[in-house]
Amino acid sequence: SCAPGAPSQLVFVSSPSDGVVDQPLAPFEIAVHDRFDNLVPSTTGTVTLTLLGGGAGVTLSGTTSATVTNGIASFSGVRVTGAAAALRLR
């Protein structure tokens with residue numbers, strides 16, 4: 001086994017499925033990885049979601065920040081409100 005390197009990227013472990021406006025997305029997880037794509041379980045901190053796309057009046061709500069535990073940030077209750085089409089989480 002090898003020790004992971006420094007954190008360098010966030011990776012969706014389980015991606016949220018297609019959602020319905022104003023309804024919570026299915027729970028999902030984001031992992032902290034090093035540049036070799038290894039999980040970095042010693043990582044601490046917070047992961048915060050933002051939206052790519054959308055427009056005026058489109059917002060992300062619910063629990064949009066999660067504490068990293070053992071290299072994983074778990075999200076539930078996240079929802080998109082407003083008229084939205086083809087949005088991506090970042």
Listed by chain and number, what are the side chain to side chain donor-acceptor pair (under 3.5 Å) partners of [X], not counting sequence neighbours?
X: Asn38; answer: Asp34
X: Ser65; answer: Thr48
X: Asp37; answer: His33
X: Thr59; answer: Thr81

Open item on the list: Distance check, rounded to the nearest 0.5 Å: Arg35 atom CZ versus Gln9 atom CD?
Closed with: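 Answer for the CZ-CD pair, Arg35 versus Gln9, is 11.0 Å.
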
Task: Gap between atom CG of Leu49 and atom CG of Leu10 - 0.5 Å precision - done: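 Interatomic distance, Leu10 CG to Leu49 CG, rounded to 0.5 Å: 9.5 Å.
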
Using the side chain to side chain contact (heavy atoms under 4.5 Å, CB included) criterion, which residues pair with [X]? Sequence neighbours excluded.
X: Ser42; result: Val40
X: Thr63; result: none
X: Pro41; result: Pro4, Leu39

Open item on the list: Suppose clustering is done on Ile, Leu, Val, Met, Phe, Trp and Tyr with side-chain heavy atoms closer than 4.5 Å. Which residues sit in the same group as Phe36?
Closed with: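 Traced through the cluster, Phe36 reaches no other member.
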
Open item on the list: If you apply the rule side chain to side chain contact (heavy atoms under 4.5 Å, CB included), what do you find for Thr46 with Val68, and how did you get there?
Closed with: CA-CA 6 Å; Thr46 303; Val68 178; over 6 Å; no

Open item on the list: Is there a path of hydrophobic side-chain contacts, each under 4.5 Å between heavy atoms of I/L/V/M/F/W/Y residues, joining Val11 to Val78?
Closed with: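 Hydrophobic grouping puts Val78 apart from Val11.
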
- [ ] Of all the heavy-atom pairs spanning Val47 and Phe75, show the shortest one and how long it is.
- [x]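 What the structure gives for the nearest pair is O-CZ, 3.5 Å.
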
Open item on the list: For a 4.5 angstrom cut-off between non-hydrogen side-chain atoms, does Ile30 reach Val13?
Closed with: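 Side-chain contact under 4.5 Å: no.
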
